[in-house]
Amino acid sequence: QVQLVESGGGLVQAGGSLRLSCTASGGLLSNYHMAWFRQAPGKEREFVTTRSRITGAILYPDSVKDRFAVSVDNAKNTMYLQLDSLIPDDTAVYFCAATESEILSRTPSNYNYWGQGTQVTVSS
C-alpha cells in the first residue's frame, strides 16, 4: 500500500507563499485520486483540493480557489500544493491523502491513505 510523506510547511507572513510536497512510496500516485485536506485546532478536517487520477480534473472550495494550486510530478511520484496570498485563516496542519475509489470526493472518510501532516502557520 502507498505511504505518503508531506513536507514544506512553515511560518509565513500574511500575503506570503509556501509550496507543500507530498511524496509517495510503495505505489504510484497516478493510480490514486489525490487530495489535500487541512485541520485547524478545534476544527474538523477541511477539504482543500482533489485531483482525478483518470481525467486530471481538479476541485477547490471557494475559500482557496485562485490562491492555491495543486500539481503532480509523476516522474518524482510527488504531489505539490502551491499556497499563495496566504491569510491567517489558512493556518492549519495540511494533510495529503489518496484513494483507490473511482469517485472523486471532498470527504475525508473516502480517502484510505494519509500522510502525517505538515504545519502551516500564517502570521498577521
Side-chain angles (χ1 to χ4, degrees):
Q1 65 185 37
V2 67
Q3 291 89 43
L4 305 173
V5 178
E6 303 96 333
S7 61
L11 173 64
V12 63
Q13 288 188 332
S17 298
L18 284 172
R19 189 176 79 156
L20 308 183
S21 300
C22 172
T23 300
S25 60
L28 296 177
L29 286 187
S30 56
N31 290 337
Y32 301 87
H33 293 323
M34 298 298 300
W36 288 94
F37 292 84
R38 65 186 182 185
Q39 190 165 18
K43 295 187 176 181
E44 293 186 352
R45 195 158 294 191
E46 178 188 16
F47 167 71
V48 175
T49 185
T50 187
R51 182 183 182 277
S52 171
R53 64 180 171 85
I54 300 172
T55 66
I58 297 171
L59 303 177
Y60 300 98
D62 288 344
S63 59
V64 307
K65 191 175 181 180
D66 299 328
R67 298 190 299 120
F68 292 5
V70 66
S71 61
V72 173
D73 184 335
N74 287 322
K76 296 183 177 180
N77 216 26
T78 298
M79 176 176 64
Y80 302 98
L81 184 64
Q82 180 68 37
L83 314 175
D84 294 324
S85 302
L86 283 161
I87 60 177
D89 281 351
D90 294 322
T91 295
V93 177
Y94 284 70
F95 299 90
C96 67
T99 181
E100 296 154 315
S101 170
E102 294 186 356
I103 299 173
L104 193 62
S105 175
R106 301 170 186 249
T107 305
S109 61
N110 288 334
Y111 288 81
N112 311 93
Y113 307 103
W114 291 84
Q116 83 289 349
T118 186
Q119 176 72 47
V120 172
T121 303
V122 184
S123 62
S124 57

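Keep in mind that the numbers below use all heavy atoms, side chains included, and drop hydrogens, waters and symmetry copies.
With sequence neighbours left out, Arg38 forms a side chain to side chain contact (heavy atoms under 4.5 Å, CB included) with Glu46, Val48, Ser63, Val64, Phe68, Asp90, Ala92, Tyr94. Residues passing the ring-ring contact (aromatic ring centres under 6.0 Å, His included) test with Tyr80: none are found, sequence neighbours excluded.
Atom CG in Leu83 sits 4.5 Å away from atom CG in Leu20 (nearest 0.5 Å).
Distance alone, capped at 3.5 Å, places no donor-acceptor pair between the Thr107 side chain and the Asn110 backbone. Checked by atom type and distance alone, the side chain of Tyr111 pairs as donor or acceptor with a backbone atom of Ser105 at under 3.5 Å. Within the 3.5 Å criterion, the main-chain N or O of Ala57 finds no donor-acceptor partner in the side chain of Ser52. A distance-only check finds a donor-acceptor pair linking the side chain of Glu6 to the backbone of Gln116 [under 3.5 Å]. Between the side chain of Asn77 and the backbone N or O of Gly27, at least one donor-acceptor pair lies under 3.5 Å. Side-chain atoms of Gln3 come within 3.5 Å of backbone N or O of Gln1 as a donor-acceptor pair.
Residue Leu4 is grouped with residue Leu18 when hydrophobic side chains (ILVMFWY) are merged at heavy-atom distances under 4.5 angstrom, including chains of intermediate members. Hydrophobic clustering (side-chain heavy atoms under 4.5 Å, transitive across Ile, Leu, Val, Met, Phe, Trp, Tyr) groups Val93 together with Phe47. Trp36 and Phe95 fall into different hydrophobic clusters, where Ile, Leu, Val, Met, Phe, Trp and Tyr residues are linked whenever their side-chain heavy atoms come under 4.5 Å apart, directly or through other members. Tyr113 and Met79 fall within a single hydrophobic cluster, where Ile, Leu, Val, Met, Phe, Trp and Tyr are joined by side-chain heavy atoms under 4.5 Å apart, directly or via other members.
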Kindly indicate, with the supporting measurements, whether the criterion side chain to side chain contact (heavy atoms under 4.5 Å, CB included) is fulfilled by Tyr60 and Val70. CA-CA 9 Å; Tyr60 300 98; Val70 66; 3.5 Å; yes
Assess whether side chain to side chain contact (heavy atoms under 4.5 Å, CB included) is satisfied between Ile87 and Arg67, documenting all intermediate values. CA-CA 10 Å; Ile87 60 177; Arg67 298 190 299 120; 4.1 Å; yes
Working note: Thr118 + Ser7, criterion side chain to side chain contact (heavy atoms under 4.5 Å, CB included); need CA distance, chi angles, decisive distance, verdict. CA-CA 6 Å; Thr118 186; Ser7 61; 5.6 Å; no
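For the residue pair Arg53 and His33, the shortest heavy atom distance occurs at N-ND1, 3.0 Å. Val2 and Ala24 make their closest contact through CG2-CB, 3.8 Å (heavy atoms, listed as atom of the first residue, atom of the second, distance). Closest approach of Ser124 and Pro88 over heavy atoms only: CB-CG, 3.9 Å. Of all non-hydrogen atoms in Ala98 and Met34, the two that sit nearest each other are CB-SD, 3.5 Å.
Between Trp114 and Phe37, the ring-plane angle classifies as tilted under the 30° and 60° cut-offs.
Of the options Leu104, Val72, Leu29, Leu59, a side chain to side chain contact (heavy atoms under 4.5 Å, CB included) to Arg51 is made by Val72 and by none of the others.
When the shell of 6.0 Å around CD1 of Ile54 is examined, it contains more than 12 heavy atoms from other residues, nucleotides or ligands.
With hydrogens and angles left out, the side-chain atoms of Thr23 and Thr78 include a donor and acceptor closer than 3.5 Å.
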